[in-house]
Amino acid sequence: MLEQVNLLSDELSINTLDFVVYSNDDKFNILNPQGIYATLQARQKVNVYQSKNQETYGMGSFYIDSWQSKNDNKMEFKGVDLIGLLDKTTYDGGMFVNITTENLIAQIFQSAGMDNSYYSIQDDIKSIPVTGYIPICTHREALQQVLFTIGAVANNSRNDIIELYKINESEEPKQISSANVFQGSKEIEQGEIITGVLLQTHNYSNGTEKKNLYEGQLTAGTHKIAFGSPAFNLTCTGGTIQSSNANYAIITTTGGNVSVDGYEYIDNTQEILVQNNYLQGNEKSNVLSVDSVYLINNSNANAIGTRIINYYNGRYIAKFKHIIDSEKAGDKVTLDEQYGNTLNGNIIELDIDLTGGYVSKSQIVAKVGANNGTTNI
């Protein structure tokens, strides 16, 4: 079982489950029409449990993504979490002005066929206003654009729902016992040093020139027409607009030539450089570019750039193999080092062998400090 959390949300990690089922008869044979295989469905929910010290722990839920028969008695399954499901469906995007995070996220999940029972939103981020554009993309990509913009993460580890929240810097960390870490397995590397962040902002205004967005021959029926650029105030000849947003129009027609006109939004782009002011002065220039998040505008760019710099400053990546106690991806933890140092940070990956004694190949992103639970990540 692979658990991952991306603390910057520059992409949303997908948790995965790989397991093998053995059978002494042919009920799992892919060719047996009366077997179990015939009743399996893509996206069928699988609940995972782990036993330790005579206690059973829930390890989360996954959804069957693929399976194959290796032989008559062996079936291999692959599962993904809810974020993996969001990656398989398309979001129509749109143009948004001061929509709250709560309402925009609700739109994304509802479009994916998931109501608010599939996710939770931390109260602190619900009312954050979002302005800008989301192109046609997957629901996972749309959610990532929102979370990256507001500085929140998505975590589906050990849970039936996706938790959306900001990392709590003052949270008391869990201690990873040195006795649980395999001797000689620990590797520590310094993270990349960023001297600045160059953000392309997108500040949209209404165009004043009416343009033809689509023209062509359509058969009788209903058609979805996607635009090359976001547009508004649409009109149609040869058909009727049933619904639309900035990215598309759904047209019904009796057949023949159909033309859609409208006004395109103007993307007034600008580049804003946020410098890292905490460097010693002898670092080689290494500027990180962010240019494809269309919810970044002149009003939030500096805050986003500062947050990225704070994440990279003084960062270390620790990789090690250990026996899990109760840790899960996203947890704040502390790990003792030699000479009295500690690494305080968050788990970003657990690659867990569920049949191998609850052993994980783990990674944390951390900073050196005292074990006081106040390290900024």
Side-chain angles (χ1 to χ4, degrees), residues 1-8 12-20 46-62 78-81 83 153-159 163 165 167-192 311-312 314-377:
M1 186 177 77
L2 179 65
E3 288 183 352
Q4 295 177 305
V5 170
N6 187 307
L7 301 180
L8 270 181
L12 298 190
S13 302
I14 298 173
N15 295 336
T16 60
L17 173 73
D18 295 334
F19 65 98
V20 178
V46 176
N47 297 318
V48 182
Y49 299 91
Q50 171 75 14
S51 295
K52 181 182 178 184
N53 298 331
Q54 298 182 338
E55 291 192 34
T56 301
Y57 301 88
M59 300 297 290
S61 299
F62 294 83
K78 293 184 180 294
V80 297
D81 66 358
I83 296 175
V153 302
N155 191 347
N156 196 196
S157 302
R158 318 281 172 89
N159 211 325
E163 296 177 291
Y165 60 95
I167 296 294
N168 183 358
E169 297 177 351
S170 61
E171 178 184 359
E172 186 71 21
K174 297 178 180 179
Q175 175 76 42
I176 295 180
S177 172
S178 298
N180 287 346
V181 178
F182 283 66
Q183 188 173 5
S185 69
K186 193 184 304 177
E187 299 178 7
I188 299 175
E189 61 184 56
Q190 186 171 11
E192 188 176 8
Y311 170 79
Y312 278 99
R315 183 184 73 156
Y316 291 85
I317 300 174
K319 302 178 182 179
F320 54 95
K321 188 176 180 180
H322 84 299
I323 300 172
I324 293 177
D325 186 6
S326 61
E327 305 91 356
K328 66 179 185 297
D331 281 353
K332 188 168 186 180
V333 296
T334 184
L335 181 66
D336 289 337
E337 273 300 299
Q338 293 180 352
Y339 312 113
N341 292 325
T342 60
L343 286 172
N344 298 319
N346 292 81
I347 298 173
I348 60 170
E349 181 174 302
L350 294 173
D351 190 352
I352 306 167
D353 184 352
L354 293 173
T355 63
Y358 216 34
V359 173
S360 171
K361 298 176 182 177
S362 308
Q363 292 187 42
I364 65 172
V365 169
K367 294 182 179 180
V368 178
N371 183 9
N372 56 16
T374 61
T375 300
N376 293 327
I377 299 298

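Keep in mind the model is a prediction, meaning the values are calculated, not measured.
Formation of a donor-acceptor pair under 3.5 Å by the Asn344 side chain with backbone atoms of Lys367 is not found in this model. With Asn15 contributing its side chain and Gln4 its backbone, the two residues share a donor-acceptor pair below 3.5 Å. The backbone N or O of Lys328 sits less than 3.5 Å from a side-chain atom of Asp331, completing a donor-acceptor pair. In this structure, the side chain of Lys332 engages the main chain of Glu169 through a donor-acceptor pair within 3.5 Å.
Atom CD1 of residue Ile83 and atom OG of residue Ser157 lie 8.0 Å apart, to the nearest 0.5 angstrom. In this structure, the separation between CE on Met1 and CZ on Phe62 is 5.0 Å, given to the nearest 0.5 Å. In this structure, Ile323 CD1 and Ser362 OG are separated by 11.0 Å, a value rounded to the nearest 0.5 Å. Taken to the nearest 0.5 Å, the OH atom of Tyr316 stands 4.5 Å off from the CD atom of Gln190. Put simply, CG on Asn346 and CD on Gln363 are 13.5 Å apart, with the number rounded to the nearest 0.5 Å.
Of all non-hydrogen atoms in Asp81 and Ile14, the two that sit nearest each other are OD1-CG2, 3.6 Å. The shortest non-hydrogen separation linking Gly330 to Asn155 is CA-ND2, 3.9 Å. Considering all non-hydrogen atoms of both residues, Ala318 and Ile188 come closest at CB-CG1, 4.2 Å.
Thr355 and Asp353 share a side-chain donor-acceptor pair at under 3.5 Å. Residues Ser170 and Asn168 bring a donor and an acceptor atom of their side chains to less than 3.5 Å of each other.
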List the steps, then state whether side chain to side chain contact (heavy atoms under 4.5 Å, CB included) holds for Leu7 with Ile167.
CA-CA 8 Å; Leu7 301 180; Ile167 296 294; 3.9 Å; yes
Start with the C-alpha distance between Leu335 and Ile176, add both sets of side-chain angles, then the distance that settles side chain to side chain contact (heavy atoms under 4.5 Å, CB included), and finish with yes or no.
CA-CA 6 Å; Leu335 181 66; Ile176 295 180; 3.9 Å; yes
Given the rule in the side chain to side chain contact (heavy atoms under 4.5 Å, CB included) test, do Gln50 and Thr56 qualify, once you have shown the distances and angles that lead to the verdict?
CA-CA 6 Å; Gln50 171 75 14; Thr56 301; over 6 Å; no
Determine, stepwise, if the pair Val359 / Lys321 fulfils side chain to side chain contact (heavy atoms under 4.5 Å, CB included).
CA-CA 7 Å; Val359 173; Lys321 188 176 180 180; 3.5 Å; yes
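Applying the salt bridge (Lys or Arg N to Asp or Glu O under 4.0 Å) definition to pairs two or more places apart or across chains, those involving residues 175-191 are Lys186-Glu337.
Of the charged side-chain nitrogens involved, at least one lies within less than 4.0 Å of a carboxylate oxygen, so that Glu3 and Arg158 count as a salt-bridged pair.
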